[in-house]
Amino acid sequence: MRLRLRNRKMNIEKQLSADIQNSLSTLYQIDETVELQPTRKEFEGTYTYVVFPLVKALRKNPVEIANAIGEHLKENSDLVTNFNVVKGFLNLVLTKDIWTKMFNSLLSADRSVSNNGQSVLVEYSSPNTNKPLHLGHLRNNFLGYSVAKILSAAGFDVTKACLVNDRGIHICKSMIAYQQFGNGETPESSGMKGDHLAGKYYVEFDKAYKKEIEGLVAIGQTEEEAKKNAPLLKKAQEMLLQWEKGDKDVVELWQKMNAWVYDGFNATYKQIGVDFDKTYYESDTYLLGKDIVDEGLEKGVFYTKEDGSVWIDLTEEGLDHKLVLRGDGTSVYITQDLGTTELKYKDYQTDKSIWVVGNEQDYHFQVLFAILAKLGRPYAAGLYHLSYGMVDLPTGKMKSREGTVVDADDLVSEMIATAKDTTEERGKIAEFNKEEKAELFRMLALGALKYFLLKVEPKKRMLFNPAESIDFQGNTGPFIQYTHARIKSILRKAEAENINVPTEIGETELQEIETDLIYLLNDYPSYLAKAANEYSPSIIANYCYDLAKTFNSFYAEFSVLNEEDSSKRDFRLALVKEVAAKLKEGFGLLGIDVPERM
RNA sequence: GGUCCCAUAGCUCAGCUGGAUAGAGCAUCUGCCUUCUAAGCAGACGGUCGAACGUUCGAAUCGUUCUGGGAUCACCA
């Protein structure tokens, strides 16, 4: 791995800020940090410096200050050729060759990622083995995978982890229902994917369980009593105890059904293009954490109640008292998470650890992090819950138990069918063979789906309407994929005509839309940094959209290969090649592939 | 009831570390394919930025209160 000590990339904005700082100290003997913003389209200039904040200290009127700074910059800065002042806004016009310089520095930039010396573990997906993945899991998977990619591009050493919830009462429910109603059905005999088969029996359990409750209520029990007393639930609880004791038959059934489910999950993961470096299984880790409870008691961070249960007082942190171990000595959810957090740290010693988990667990993670901080864990400050909002349907919340979910496999299949129809309608891929077509349809389907789920800020809940299929036009994945394909088409044609793409360009007069593109390309690192800081793929998605949109405006108005001035043509060739590369790079961070043609 | 999150155009969303006249897409309407891919481009229409106070030269952005929606406050995970 290469380590770059300094960022050698020329940064106009930084240099300009420094020049302004210099002007301020020369003119007014003040030392201010300088923030620049892009000049609004309706004014002349590239960067704007707002002088209002100086007014108070300098006791001069803003226009006067702005003019003075402008004059000084014009005299002393190599970058500034002219300026104009509107109220307190100093609009700076930069020297003409700045754009070719900026672009050449982009062309010659070192594209390897420089390691930032930090490591991070990202846990996501974390499915339950009693049901197949649904739309909510897709948001989770795409988010986790993308955040891992983004952090990696930002220089982190990233480990992708998955914690499979493969034990517990919910798994036993599927198992009981299978025992009772399964008649030896298998994925082979039924033709169902293993995860769907397990999910079927989870739903079966709930149906039968509800019937039992009705029956008990009919003979006079209250609903609450009936829920506790229903024989099926008793059986599931009994089965969990047997599982914990290691009962041979139960463990065998558990292994058999889980193996089916893993086959199903692996097929889904492969289809949606998601993977992990490490998989943890809760059946291996659910007993962890008890030693941490002991440690907490010794340190006086935890306390014991009369019934033997162990608690922590988090009222100082603005939280409540929280149970960390049951009176009978068995674990609760938080106990396990204390244990797995410790385990992950022992395994990887990462500087940061991220959980991609829905916002219904916000409180749980507040508590978890607060406890680890109180225990003085060195890694506590690096823990982060990437909380995301639920995906709701027009009919309300998705519930696996009641079967009111948008199944992940079904949705992907439907999207592929839509991609096929949409593409064939346009009739542009006649020369594709069968495999190439299949690959393209999948690429577009996943592009549409991933972009749809990732372009929204993670913490916002979102609505998915199955009746309205996901668009392929406008602000969508396929729009950006299409833009990439268009550029590739130009590059192919150039190659066929033996026109080389230059690696350095000479001075040439540029259109405004071309400088817009250079500006955007040059700005990419700041978007990447922001996305990494905020763990937010939506920032990358929106950047790609901006870039694609701007390119398409350029494309509609100007021609690359039909440009008669060869220096302009060469510049445009290099420019569009950079745009394509950036779109591919950005979409790569979202886990979306881009086609050569479509 | 306590705590946390969300509220921007008819719909889906950007913008939020305070800056100039709040931007896209979808939908509706008008133009643009004998020229590098029309999954595109140009334009029209559409806004009390949930409400009220406050801080500020300046608030969609910060603060307080309120309204609406969601989540959570289990010896479930």
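Numbered from 1 within each chain, the chains take letters A, B, ... in sequence-line order.
Using a 4.0 Å heavy-atom criterion, one finds that A/Leu319 contacts no nucleic acid atom at all. Base engagement by A/Gly327 is indicated by at least one non-hydrogen atom pair under 4.0 Å involving a base atom. Within the 4.0 angstrom heavy-atom criterion, base atoms lie near A/Phe43. Here A/Lys493 lies in heavy-atom contact (under 4.0 Å) with sugar-phosphate atoms only. Counting any heavy atom pair closer than 4.0 Å across all strands shown, A/Tyr286 reaches no nucleic acid atom. Across all strands, A/Lys530 comes closer than 4.0 Å only to sugar-phosphate atoms, never to a base (heavy-atom distances). Residue contacts for A/Asp166: at a heavy-atom cut-off of 4.0 Å it reaches no nucleic acid atom on any strand shown. A/Gln361 comes within 4.0 angstrom of a nucleotide base, judged by non-hydrogen atoms across all strands. Among the heavy atoms of the strands lying under 4.0 Å from A/Pro53 is at least one base atom, whether or not backbone atoms are also near. As judged by a 4.0 angstrom heavy-atom cut-off over every strand, A/Val50 is placed among the base-contacting residues.
Across all strands shown, nothing is found opposite B/rA38 as a Watson-Crick or G-U wobble partner with both distances under 3.5 Å. With a cut-off of 3.5 Å on both pairing distances, the Watson-Crick or G-U wobble partner of B/rA71 is B/rU3.
Spacing of P atoms, B/rU65 relative to B/rG70, comes out at 22 Å, to the nearest Å. For the P atom pair drawn from B/rG23 and B/rU48, the interatomic distance equals 15 Å after rounding to whole Å. Look at the P atom in both B/rA74 and B/rG58: the space between them is 47 Å, to the nearest Å.
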**Message:** Could you walk me through whether A/Tyr545 and A/Phe479 satisfy the ring-ring contact (aromatic ring centres under 6.0 Å, His included) test, starting with their C-alpha distance in whole Å, then the side-chain angles of each, then the deciding distance to 0.1 Å, before giving a yes or no?
**Reply:** CA-CA 8 Å; A/Tyr545 179 66; A/Phe479 167 79; 5.6 Å; yes
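Remark: A/Arg492 is not in phosphate contact with B/rU37, judged by side-chain N or O atoms under 4.0 Å from OP1 or OP2.
One N or O donor and one acceptor, one from the side chain of A/Thr423 and one from the base of B/rA39, sit under 3.5 Å apart. For B/rC36, the base has a donor-acceptor partner in the side chain of A/Ser559 [N/O atoms by modelled type, under 3.5 angstrom]. Interface remark: the A/Asn91 side chain does form a donor-acceptor pair with the B/rA20 base, using a distance-only criterion of under 3.5 Å. Evaluation of atom-type donor-acceptor distances gives a pair under 3.5 Å for the side chain of A/Thr48 against the base of B/rA20.
Cation-pi contact between A/Lys322 and A/Trp311: absent, since separation from the ring centre below 6.0 Å together with deviation from the ring axis within 45° is not met.
Nearest to the side-chain atoms of A/Tyr363 among the listed nucleotides B/rC73, B/rG40, B/rG25 stands B/rC73.
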Provide a list of protein-nucleic acid N or O atom pairs under 3.5 angstrom, restricted to nucleotides 4-13 of chain B.
{"unit_1": "B/rC6", "atom_1": "OP1", "unit_2": "A/Lys459", "atom_2": "NZ", "d": "2.5"}
{"unit_1": "B/rA7", "atom_1": "OP1", "unit_2": "A/Lys460", "atom_2": "NZ", "d": "3.1"}

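Atom CD1 in A/Ile490 sits about 7 Å away from atom P in B/rU37, given to the nearest Å.
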